[in-house]
Amino acid sequence: MQGVFSGQQLSCNSSVAAFKAAPSSSAAGRQAVQVVAQKRVQKKQQVILVRDVPGLGSEGSLKTVPVGYWRNYLQPQGLAAFADAGILERIRQQREAEERARLEEKAKAQAMATALATIGKFVVKKKVGENDAIFGSVTAQELVDAIRMQTGRELDRKAVTLPEIKTLGTYDASIKLHAEVTGFFKVVVQKDTGN
């Protein structure tokens, strides 16, 4: 079957030959298909939380989450960011800086505890009535003022643990300088002779 289309002659016999199947050969002509396994699919993803996520963590924390949770919820909602090497390095440096600051604060607190123990006692003068009973009691603020007079350092009066003092004498007291450091010293209550 031949036809002419705008001056060109077309032949149908050649196109039919192209679709004929190649002759099949015996088992010797077959080739084995070798499947190359790809890299194992990653099932977890490290992310940094941009905002607080209930049940997962607070803002700025580094979390390992399933890839689907990251792809379908955290990323579209803008709750987390992909943790790449630069961000992980920055977080590591920030944690090291926080640890150094925490250790410096603890060292300062230990130095102050040593200073309080070295000084040993702080004198508070109170007006006295009958039987060496003082008017009122010795307050934490009075003790903090006495410490500031001798050491030059301001301490928090709320951190002072003081027994109830109603008479003249020597009493044991302590102050919480740090979560792990407590300073111990004595409080000497003396009669105030001045007017």
Side-chain angles (χ1 to χ4, degrees), residues 44 46-65 74 78-195:
K44 297 281 186 176
Q46 279 196 328
V47 297
I48 296 174
L49 299 180
V50 176
R51 287 188 258 152
D52 291 348
V53 179
L56 186 59
S58 61
E59 180 180 346
S61 61
L62 179 67
K63 295 292 179 179
T64 302
V65 297
L74 295 175
L79 299 174
F82 178 72
D84 62 358
I87 291 174
L88 292 175
E89 179 64 22
R90 196 171 26 204
I91 288 174
R92 186 187 62 76
Q93 289 174 350
Q94 182 180 5
R95 285 184 179 163
E96 287 177 356
E98 289 171 358
E99 183 65 24
R100 275 194 305 274
R102 211 174 6 258
L103 290 174
E104 287 175 10
E105 183 179 332
K106 184 177 178 182
K108 285 181 183 178
Q110 287 175 334
M112 185 62 185
T114 304
L116 291 174
T118 303
I119 294 171
K121 62 181 180 178
F122 295 93
V123 177
V124 177
K125 297 195 176 204
K126 297 293 279 183
K127 291 191 178 193
V128 179
E130 298 177 4
N131 300 329
D132 290 337
I134 61 175
F135 292 119
S137 65
V138 175
T139 64
Q141 185 60 49
E142 290 173 327
L143 185 56
V144 167
D145 290 341
I147 292 171
R148 186 181 62 238
M149 293 287 284
Q150 284 192 309
T151 64
R153 184 162 172 199
E154 187 71 39
L155 299 174
D156 184 16
R157 67 180 174 83
K158 295 175 186 172
V160 174
T161 304
L162 194 61
E164 187 172 330
I165 300 173
K166 294 285 187 182
T167 61
L168 298 178
T170 303
Y171 300 90
D172 291 326
S174 65
I175 185 166
K176 190 89 167 165
L177 299 167
H178 184 266
E180 302 170 8
V181 180
T182 303
F184 297 97
F185 52 92
K186 296 199 179 291
V187 178
V188 178
V189 181
Q190 294 179 348
K191 182 177 182 180
D192 186 8
T193 57
N195 290 336

Fill in: Leu168 versus Lys191, closest heavy-atom pair with distance
CD2-N, 3.8 Å

Worksheet item: Which heavy atom of Ala173 sits nearest a heavy atom of Leu143, and at what distance?
Response: CB-CD2, 4.3 Å

Practice prompt. Working to the nearest 0.5 Å, report the span between OG1 of Thr151 and CD1 of Ile119.
Written response: 6.0 Å

Worksheet entry | Salt bridge Glu99-Arg102, side-chain N to carboxylate O under 4.0 Å | yes

Item to complete: State, yes or no, whether a side-chain contact exists between Val65 and Lys44 at a heavy-atom distance under 4.5 Å.
Response: no

Worksheet item: Is any NZ, NE, NH1 or NH2 atom of the basic residue among Arg92 and Glu89 found under 4.0 Å from an Asp or Glu carboxylate oxygen of the other?
Response: yes

Worksheet item: Closest approach of Leu62 and Ala83, non-hydrogen atoms and distance?
Response: CD1-CB, 3.8 Å

Discussion item. When you compare the side chain of Gln46 with that of Thr64, does any pair of heavy atoms fall below 4.5 Å?
Written reply: yes

Discussion item. Within this structure, what is the CD1-CD distance for the pair Ile91 and Glu98, rounded to the nearest 0.5 Å?
Written reply: 10.5 Å

Fill in: Whether Lys106 side chain and Ala109 backbone form a donor-acceptor pair below 3.5 Å
no

Practice prompt. Taking all heavy atoms of Ala81 and all of Val50, pick out the closest pair and write down the distance.
Written response: N-CG2, 3.8 Å

Worksheet item: So Lys121 and Thr170, side chain to side chain contact (heavy atoms under 4.5 Å, CB included) or not? Walk me through it.
Response: CA-CA 9 Å; Lys121 62 181 180 178; Thr170 303; over 6 Å; no

Worksheet item: What closest approach, in Å, do Lys126 and Phe135 show between heavy atoms, and which atom pair accounts for it?
Response: CE-O, 3.9 Å

Worksheet, complete the sentence: So NZ of Lys63 and CG of Leu74: to nearest 0.5 Å the spacing works out to 12.0 Å

Worksheet item: For Ala133, does its backbone N or O pair with a side-chain atom of Asn131 as donor and acceptor, under 3.5 Å?
Response: no

Worksheet, complete the sentence: For Gly183 and Ala113, the nearest pair of non-hydrogen atoms, with its separation, is CA-CB, 4.0 Å

Discussion item. Evaluate Arg148 against Asp145 for side chain to side chain contact (heavy atoms under 4.5 Å, CB included), listing each step before the verdict.
Written reply: CA-CA 5 Å; Arg148 186 181 62 238; Asp145 290 341; 3.2 Å; yes

Worksheet entry | NE2 on His178 to CD on Gln110, rounded to 0.5 Å | 8.5 Å

Worksheet item: After noting the C-alpha distance and the side-chain angles of Ile87 and Phe82, does the key distance pass the side chain to side chain contact (heavy atoms under 4.5 Å, CB included) rule?
Response: CA-CA 9 Å; Ile87 291 174; Phe82 178 72; over 6 Å; no

Discussion item. Set out, in order, the CA-CA distance, both residues' side-chain angles and the distance that settles side chain to side chain contact (heavy atoms under 4.5 Å, CB included) for Thr139 and Arg157, then state yes or no.
Written reply: CA-CA 9 Å; Thr139 64; Arg157 67 180 174 83; over 6 Å; no

Practice prompt. Can you spot which of Val138, Ile165, Val124 makes a side chain to side chain contact (heavy atoms under 4.5 Å, CB included) with Tyr171?
Written response: Ile165

Fill in: Distance (rounded to the nearest 0.5 Å) between Ile147 CD1 and Glu154 CD
10.0 Å

Worksheet item: Atom CD1 in Ile175, atom CG in Leu155: separation rounded to 0.5 Å?
Response: 4.0 Å

